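Input: a single structure, listed below in structure tokens.
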Number of protein chains: 2
Amino acid sequence: MAKTKIVSKQRDAELTKKLILDAAESEFARRGLLGARTEDMAIAADCTRAMIHYYFDSKETLYRLVLERMLSEQAKVAQGFDINQGTPAEALERFLRIVMTDLRENRNLPLIMLFEGIQNEGKFYKQIVIAAIYEPIQAMLERGKKEGVFRSDINSLHTAINIMGACLFYTMSRNNLAHMFEGTPDILNKELYDVHMEQALQLIITGVKN
Amino acid sequence: MAKTKIVSKQRDAELTKKLILDAAESEFARRGLLGARTEDMAIAADCTRAMIHYYFDSKETLYRLVLERMLSEQAKVAQGFDINQGTPAEALERFLRIVMTDLRENRNLPLIMLFEGIQNEGKFYKQIVIAAIYEPIQAMLERGKKEGVFRSDINSLHTAINIMGACLFYTMSRNNLAHMFEGTPDILNKELYDVHMEQALQLIITGVKN
DNA sequence: GCGCATACTAACTAACATGTTAGTTAACCG
DNA sequence: CGGTTAACTAACATGTTAGTTAGTATGCGC
């Protein structure tokens, strides 16, 4: 029998920490804080469970850090966006395009937020993030109504929610929808996701216009 | 000290079973199969954990039964619906109204389905249910396109998904959205839910029309 | 190449989860 | 009533999970 030399992988604290954070993010997006298994994170990060406690005190601390990382990423996205630039329809489309484009990268955010609301009663995250998405949409809808280019019977809060529903559902339900796109391992691939984006935008923009 | 007579509650196997099923349904909708805690179900059903195993063999068996109950309920909803009755817009609106109205009762279905896809890779449920919702919508969209009343650039699959997104998101995200309707303990109350429905329908129907 | 800091592991413990079992109490029927 | 069945409970057994700890190995400065 040939002797197999076991090559231990290179030591790299920063890389290991990042791998753990990444693994934790998808695991939390799968099962939420309570349901997440550190063992599964360790496997995904290619390290031992002990490493999680070595770098991140507890599962809860890790969870807080995952949230922080995601939210600080999200905060940048629509930073400095001017809701009054262009027509209401143009502005709304531009905004939703930014949000959805980012969502393909930041794909775990919606599910983790959903879990946060369902399982933890929003104990760990600030509602600021949510407001940061809904408020501009509502404002743009109101402007469109005032300018007479959007339907006057629009309830801006409910419509903002329904718009976000159309924008987020595809990303959140990727596992459930996968079988409808047979032969496509990841329906968040750029080509298909672009179709979703365009279709969503057409539905929404046409839907709010007079 | 006053002597307190402890009155043991009446014995009722059918009621207990129903209470367990109901409790299990919401617990599974909160955390999914793996994350759900039988202890929490027992508390919600006002019985002991042992009763769960007395009536339902295991957590997984209970889960299967919860799924079955929900799906057989869902199957009835749009039974015998004629997608060709009335104009495409009328038919689509009628269909979505039925689906959304039922969703207020069957409010755990979307979340349990979501979990099923994310956590269990759809191991326990048949994709038939999903198809039963998307196929009629796609068909109605196609008819509308052919008759020239719906936009010709509609991709019926993506649009059907985006439409369902608008319909389901409000229900699924009720915990996250609650704080936007301050002072409303349950945003699925009839009055508010009706507003959501009307707003969603307006967005969708306007959105698909030419 | 030697010593030292630190990345990392294996093997634990404690807490918590599900599932079991032996026994208790309530209801029902004669 | 009195006995039998079925609903239910408390305590236990078993397995799983988070977190700890004592020790090993690797890379790096000198």
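This one's a predicted model, so the numbers in the text were calculated from it and none came from an experiment.
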Take atom [atom1] of [X] and atom [atom2] of [N], then tell me their distance rounded to the nearest Å.
X	N	atom1	atom2	value
A:Gln10	C:dT6	CD	P	18 Å
A:Asp46	C:dA7	CG	C1'	14 Å
B:Arg37	C:dC16	CZ	P	11 Å
A:Met41	D:dT16	CE	C1'	16 Å
A:Asp12	D:dG27	CG	C1'	12 Å

Using a 4.0 Å heavy-atom cut-off across all strands, classify [X] as base, sugar-phosphate, or nothing.
X	answer
A:Ala42	nothing
A:Arg49	base
A:Ala13	sugar-phosphate

B:Phe169 and B:His196: aromatic ring centres closer than 6.0 Å?
-> no
Please confirm whether B:Phe115 and A:Phe115 have ring centers closer than 6.0 angstrom.
->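 Yes, they do, as the ring centres are separated by less than 6.0 Å.
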Under-3.5 Å donor-acceptor pair between A:Arg11 side chain and D:dA25 base | yes
Below 3.5 Å, can you tabulate the donor-acceptor pairs from side chains in residues 28-47 of chain B to any protein atom, sequence neighbours excluded?
unit_1, atom_1, unit_2, atom_2, d
B:Arg30, NH1, A:Ile118, O, 3.2
B:Arg31, NE, B:Glu27, OE2, 3.0
B:Arg31, NH2, B:Asp40, OD2, 2.9
B:Arg37, NE, B:Gly35, O, 3.3

Under 3.5 Å, is there a donor-acceptor pair between the B:Ser156 and B:Thr159 side chains?
->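 The criterion, which ignores hydrogens and geometry beyond distance, is not satisfied for B:Thr159 and B:Ser156.
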No-hydrogen, no-angle side-chain donor-acceptor test under 3.5 Å, B:Asn108 and B:Glu25 | yes
Cationic N near anionic O, under 4.0 Å, [X] to [Y]:
X	Y	answer
B:Glu68	B:Arg64	no
A:Arg69	A:Asp22	yes
A:Glu93	A:Arg97	yes

Hey, does the side chain of A:Thr38 come within less than 4.0 Å of D:dA18's phosphate (OP1/OP2), counting only N and O?
->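 So the side-chain polar atoms of A:Thr38 do come within 4.0 Å of the phosphate oxygens OP1 or OP2 of D:dA18, strictly under.
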Tell me whether the OP1 or OP2 atom of D:dC8 has a side-chain N or O from B:Thr48 closer than 4.0 Å.
-> no
Does anything in residues 51-63 of chain B reach DNA chain D, meaning a heavy atom under 4.0 Å, and if so which residues?
->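 Within residues 51-63 of chain B, the residues near DNA chain D are B:Met51, B:Tyr54, B:Tyr55.
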Using a cut-off of strictly less than 4.0 Å between a heavy atom of the residue and any atom of DNA chain D, enumerate the qualifying residues of residues 14-35 of chain B by number.
-> B:Thr16
B:Leu111 and A:Leu114: side-chain contact (heavy atoms from CB on, under 4.5 Å), yes or no, with the steps?
-> CA-CA 10 Å; B:Leu111 282 173; A:Leu114 184 78; 3.9 Å; yes
